[in-house]
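Scope of the values below: all heavy atoms of this structure, side chains included, with no hydrogens, waters or symmetry mates.
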Amino acid sequence: MPAPIVRLPYQFNGLSLSKVAADLAAHAVNGWPPEVNIDFGNLGFVRPAGIVFLSNLFAWMQAKGTKITLVNVGGNGDAVRFLDDSLFFEQHCGAKLRPDASPRSTTQPLMRIAHQNSHAWLEHNLVPWLVSRLSISPSSLYMFKNCVAELFNNIQDHTQLDIGTICAQHFPRESLVYISLSDMGLGIPGRVRTKLPQLSDAQAIIKATEAGFTTKTTPGNQGIGLAYLLNAVKVNGGTVSIYSLNAIVRFPPQGGPFIVPNVGFCPGTTIDIVLRTDTIERLPDDREDLEW
């Protein structure tokens, strides 16, 4: 039997990524196939959420012993070149497609980060990059930095691997920064249902964002991560989207959470943060970091 083909959509973003995983799962009804072809031929645009999701999808398949064959990557279209510059192929195939591929100034490339290394990555990679891109002080980002740190704490609750995959991109013309973090664990609904088994996937995601709610499996996890993050991003005027299992929930700057209907399947958890750069409060560089 020939290896099944999973075709990536033209726009690989939050709305389309769950359909790709659902397509893949449809080929595994009778067990995981020994090989899967991933077709990049139609891919025209990819957001950071698509990059981290695809990265974890590859890791998910490889963990199940499935060989991944890349199809139609030789043409080096814009989206494939961007993935190459984001170091996607280097991490998953062992080599870049182009010898001169390198991270762009507008991008923090794809990284798989263990929890014990997350503090150093925030301090030495993400924050200095944002400071340089936005011409602001590190103190202006203290709230957001502590939000992301708490999310890395939450990864220990949601995954058995203690590893998160992260990618960020600055869109200066749109005055937006996209930061996406993904893990391949039980998923937020799976963890929440250890305490509240009656909740649906979407209800469990919303419950996980309530201040003070925590499964308390990680020492030091105060149950503030998602609630604190949502509040900080809402003040900023940005948006948070959470993709996990059979649910996608968006948290816009105004109004309550929006449950996206008719989604596919999202293994693990992907959190997509969109920040407005024109509303970040410019602070003098004299604020001390909060503990996490």
Side-chain angles (χ1 to χ4, degrees), residues 46-52 55-56 81-91 96 100-156 162-183 220 224-226 228-240 270-292:
V46 59
R47 293 278 192 185
I51 296 175
V52 297
S55 175
N56 277 345
R81 290 175 65 89
F82 178 66
L83 283 170
D84 203 15
D85 288 340
S86 297
L87 308 183
F88 177 88
F89 298 106
E90 181 179 67
Q91 292 194 33
K96 304 171 184 176
D100 60 343
S102 62
R104 304 177 186 183
S105 63
T106 55
T107 304
Q108 271 291 294
L110 179 71
M111 289 286 293
R112 289 176 61 78
I113 304 173
H115 177 267
Q116 64 266 27
N117 299 324
S118 60
H119 185 181
W121 182 83
L122 283 169
E123 195 71 35
H124 302 299
N125 294 80
L126 183 63
V127 170
W129 173 72
L130 285 172
V131 165
S132 175
R133 292 297 306 171
L134 306 180
S135 299
I136 58 177
S137 69
S139 294
S140 303
L141 298 168
Y142 86 98
M143 180 182 292
F144 177 75
K145 183 174 76 170
N146 284 282
C147 288
V148 176
E150 183 71 8
L151 288 181
F152 274 108
N153 283 342
N154 288 344
I155 284 176
Q156 290 188 309
D162 192 31
I163 292 176
T165 303
I166 195 163
C167 182
Q169 187 176 9
H170 179 211
F171 294 85
R173 294 182 181 178
E174 302 175 33
S175 297
L176 296 174
V177 170
Y178 284 69
I179 302 176
S180 296
L181 176 68
S182 186
D183 70 64
I224 64 172
L226 292 177
Y228 187 38
L229 173 69
L230 293 182
N231 180 67
V233 175
K234 179 172 286 192
V235 170
N236 168 267
T239 302
V240 175
T270 298
I271 299 177
D272 192 29
I273 305 163
V274 183
L275 288 175
R276 289 179 55 183
T277 62
D278 57 345
T279 61
I280 295 177
E281 183 181 5
R282 265 58 177 173
L283 298 174
D285 194 15
D286 59 0
R287 186 185 296 271
E288 294 183 358
D289 287 344
L290 298 176
E291 287 189 7
W292 52 71

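Residues passing the side chain to side chain donor-acceptor pair (under 3.5 Å) test with Arg81: none are found, sequence neighbours excluded. With sequence neighbours left out, Ser137 forms a side chain to side chain donor-acceptor pair (under 3.5 Å) with Ser140. Partners of Asp85 by salt bridge (Lys or Arg N to Asp or Glu O under 4.0 Å), not counting sequence neighbours, listed by chain and number: Arg98, Arg104.
Considering CG of Leu283 and CD1 of Ile136, their distance stands at 8.5 Å, rounded to 0.5 Å. Taking OG1 of Thr107 as the start and CD1 of Ile51 as the end, the distance is 7.0 Å to the nearest 0.5 Å. Atom CD1 of residue Ile273 and atom CG of residue Leu229 lie 4.5 Å apart, to the nearest 0.5 angstrom. Considering OG1 of Thr239 and CG of Leu230, their distance stands at 10.5 Å, rounded to 0.5 Å. With rounding to the nearest 0.5 Å, the separation of CD in Gln108 from CD1 in Ile166 is 8.5 Å. For the atom pair CE of Met111 and CD of Gln91, the computed distance is 7.0 Å after rounding to the nearest 0.5 Å.
Each of Thr270, Asp272, Thr165 was scored for a side-chain hydrogen bond (donor to acceptor under 3.5 Å, both in side chains) with Ser182, with one residue passing: Thr270.
For Asn236 against Val274, the heavy-atom pair with the smallest separation is OD1-O, 4.5 Å.
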What do the steps show when you test Gln169 against Ser180 for side-chain contact (heavy atoms from CB on, under 4.5 Å), and what is the final call?
CA-CA 9 Å; Gln169 187 176 9; Ser180 296; over 6 Å; no
Under the side-chain contact (heavy atoms from CB on, under 4.5 Å) criterion, do Ile271 and Leu226 qualify, and how do the steps go?
CA-CA 10 Å; Ile271 299 177; Leu226 292 177; 3.8 Å; yes
Would you check, one step at a time, whether the test side-chain contact (heavy atoms from CB on, under 4.5 Å) holds for Leu176 with Arg276?
CA-CA 5 Å; Leu176 296 174; Arg276 289 179 55 183; 3.9 Å; yes
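The shortest distance between side-chain heavy atoms of Leu110 and Val52 falls below 4.5 Å. Using a 4.5 Å heavy-atom threshold, the side chains of His170 and Ser105 count as separate. A heavy-atom distance below 4.5 Å is found between the side chains of Leu87 and Pro103.
For the residue pair Asn56/Arg112, the side-chain donor-acceptor check at 3.5 Å is satisfied.
In this structure a side-chain-to-backbone donor-acceptor pair under 3.5 Å is missing from Trp129 to Thr106. The backbone N or O of Phe82 lies less than 3.5 Å from a partner atom in the side chain of Ser86, making a donor-acceptor pair. Although no hydrogens or angles enter the test, the distance criterion places a donor-acceptor pair under 3.5 Å between the side chain of Thr277 and the main chain of Ser175.
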